[in-house]
Structures are given as structure tokens and as C-alpha cells.
Q: 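Have a look at the structure that comes next, please.
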2 protein chains.
Amino acid sequence: MNYTEFKHCGLNVALEVLSGKWKPIILFHLFHQQEIRFTDLWRNIPKVAKKVLLEHLKQMEADGLIVREERQVFPPEVYYRISEKGKALGPALAALENWANEHASAQVQELRDKKKVANGQR
Amino acid sequence: MNYTEFKHCGLNVALEVLSGKWKPIILFHLFHQQEIRFTDLWRNIPKVAKKVLLEHLKQMEADGLIVREERQVFPPEVYYRISEKGKALGPALAALENWANEHASAQVQELRDKKKVANGQR
DNA sequence: CAGTATCCCGCGTGATACTG
DNA sequence: CAGTATCACGCGGGATACTG
């Protein structure tokens, strides 16, 4: 068998597109909210630097996952929403979530606890 | 609505487990081969440093994705195979692959080309 | 052959201040 | 408010030599 065809490279592409510390939570919000203003998104994601959030959004827009809409007013208003291509990722993301919950519930619980602490919850 | 429950954290866990430059291709081989000796795996993944490959395998074993079997002979023989937990990732990985092929075929093709060049193919 | 020990480098992330 | 400019730092990944 010859593996030089790299049939897994679609997987690489998908993971690349998802690589970025805050992209999962960004997607989470956009999946649940249909449109969010930048500042609101920022406030809803504790501890991310504004610069980094903007970088991630820029990449995701370049990757076609999200749509950026700039309303020409002052002060500026910029809204982000999920694109069709982004929506299409939904099932795959859900599959990953399910896998984690079914096969790695310990790590999931760990992570949840860490985040609550980071957000000052009890 | 309150997002502090971080219902997406399963996704974070799954992506963490997959994070590592060579993990997709490692999984690819283990999904297709049922057991591989370390050196063979190494030869089949061009350009990865032995140290890095070992690190990845160690992490994947710690994450329960793969199983390491050491046969007590000289010279040493070590075989790796996918675990049940690893196998369970299959559908999710396939979903990501399909998404990439259906919605990001340009990037996929790009990546494929790059890899062929890296392997000295025409 | 499988694995470890060093040394190195670039990049992703972060803090902070500034601009239009 | 949205976005940019700097500066800094740790860590993932790579090259190479060594060990049991």
C-alpha cells in the first residue's frame, strides 16, 4: 500500500481551520446567536486579548467560516455571524463533542472545572 | 442566556487530543494497519523527527488513543495500534474530512500538492 | 531499534498603549 | 468601538548526537 496520496489531508485542512485557542468558543457563540457585535463577543469570552480575538476572527473570515458585517456609523459597529460553510461544520463538531463526552468525560470535567475557576465561579 | 457552562468544552478536549503536527497522519496509518512497528511508522512519515514522533505517540498513548506493545527481545521491537477509544474517533474524523472535501477542496488540493513536492513526486 | 539529551528557532498567544 | 503597533515569552517542533 502506498500512502503518498495522503487521503487524510482533508482532516489536516479541517484541523488547521480549527486551530486557534479560542476558535471553538467563538464558534460556539456564533452557532447559538446568529449575529454578535464584536464587543459583546469579547465580553463573553473572558481572558482573551482583543488582538488575539481579532486575529482569530480575521482568519476564520478568510477561511470562509464566518461573515463580517461592518455598519457605517460612528462609533463603529461590526457584527459577526456564521456562514453556510461554517454551519456545515456543525455535525463534525458535534461528533467530536460526543466522542469527548463518551470517551473522555474525565478530561472534559477537568476542563470544565478549570474554566469555572478561571471565571471565578464556585 | 449564560455561556459559562462551556458546553463546547468537549470539543476543546477533542481538539487538544488531536493537536500535534503529525497526529492525523499517525492516526491515518493506525486506522489502516492494525499494528505498526515504530521504525516502519517512522519510515512511512517522511520528515518527522524521531523525537517528535515519539512525543506524539507518548501523548496519544496517555490520551488512550493508541496502545503500545513492547516485545522483550533484542533488538527491541515496539508496536503501536489503535485503541477502542481511538477507533471511536473514526466517525468524527471522517466527518471533518468530508467537510474539508466538500467545502474546502481548494485548500485540500493545495495541501496535497505541497506534500507531493515535499516527497519529491511529480 | 527504541528512546533520551541538548540546543535552537519561530510562532501563537498575551499585555499594553495607541489611533481613526 | 473596532482595529493596529510593540514588545515579550513559552512551547511545539526540528537537528543532531548519544545510550541501553
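Per chain, numbering begins at 1; letters A, B, ... match sequence-line order. Note that the structure is predicted; figures quoted are calculated from it, not measured.
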Q: Can you sort out the partners of B:R68 under salt bridge (charged side-chain N to carboxylate O under 4.0 Å, His left out), two or more places apart, ordered by chain and number?
A: B:E70

Q: Rounded to whole Å, how long is the line connecting atom CG of B:L53 with atom P of D:dT16?
A: 17 Å

Q: How many whole angstroms separate atom OH of A:Y79 from atom C1' of D:dC1?
A: 11 Å

Q: Rounded to whole Å, please give me the gap between CD1 in A:I45 and C1' in C:dG14.
A: 15 Å

Q: When you measure from the side-chain N and O atoms of B:W42 to the phosphate of C:dG3, is any distance below 4.0 Å, counting only OP1 and OP2?
A: no

Q: Could you state the atom-to-atom distance from CG of B:D40 to C1' of C:dC1 in whole Å?
A: 11 Å

Q: So, the side chain of B:K85 versus the backbone of B:D63: is there a donor-acceptor pair under 3.5 Å, distance only?
A: yes

Q: Run the salt bridge (charged side-chain N to carboxylate O under 4.0 Å, His left out) test against A:E61 and tell me which residues pass, sequence neighbours left out.
A: none

Q: Is the backbone N or O of A:L54 less than 3.5 Å from a side-chain atom of A:K58, with the two atoms forming a donor-acceptor pair by type?
A: no

Q: For A:L57 and D:dC1, give me the distance from atom CG to atom P, rounded to whole Å.
A: 17 Å

Q: State whether the side chain of A:W99 and the backbone N or O of B:G86 hold a donor-acceptor pair below 3.5 Å, judged by distance alone.
A: no

Q: Which one, C:dA15, C:dG3, D:dG14, comes nearest to the side chain of B:W22?
A: D:dG14

Q: Treat a base pair as Watson-Crick or G-U wobble with both distances under 3.5 Å, then lay out DNA chain C in dot-bracket form, 5' to 3', with | for cross-strand pairs.
A: ||||||||||||||||||||

Q: In whole Å, what is the span from the CD1 atom of B:I25 to the C1' atom of D:dG13?
A: 16 Å

Q: A:R37 CZ to D:dC1 C1': how many Å, rounded?
A: 6 Å

Q: Please tabulate the protein-to-nucleotide N/O contacts below 3.5 Å involving nucleotides 4-12 of chain D, giving atom names and distances.
A:
from, atom 1, to, atom 2, distance (Å)
D:dT4, OP2, A:K58, NZ, 3.1

Q: Answer yes or no: are there more than 12 heavy-atom neighbours, outside B:W22 itself, under 6.0 Å from its atom CH2?
A: yes

Q: Which residues pass the side chain to side chain donor-acceptor pair (under 3.5 Å) test with A:E55, not counting sequence neighbours?
A: none

Q: Assign the ring pair B:F38 / B:W42 to parallel, tilted or perpendicular, where the plane angle (0 to 90°) is split at 30° and 60°.
A: parallel

Q: Side chain to side chain donor-acceptor pair (under 3.5 Å) with A:R43: which residues, sequence neighbours excluded?
A: A:D40

Q: For B:R68 and for A:V52, find the nucleotide of DNA chain C with the closest heavy atom, then tell me which residue's nucleotide is more 5'.
A: B:R68

Q: Need one value for A:Y80: base, sugar-phosphate or nothing, where a base atom within 4.0 Å counts as base even if backbone is also close, heavy atoms only.
A: sugar-phosphate

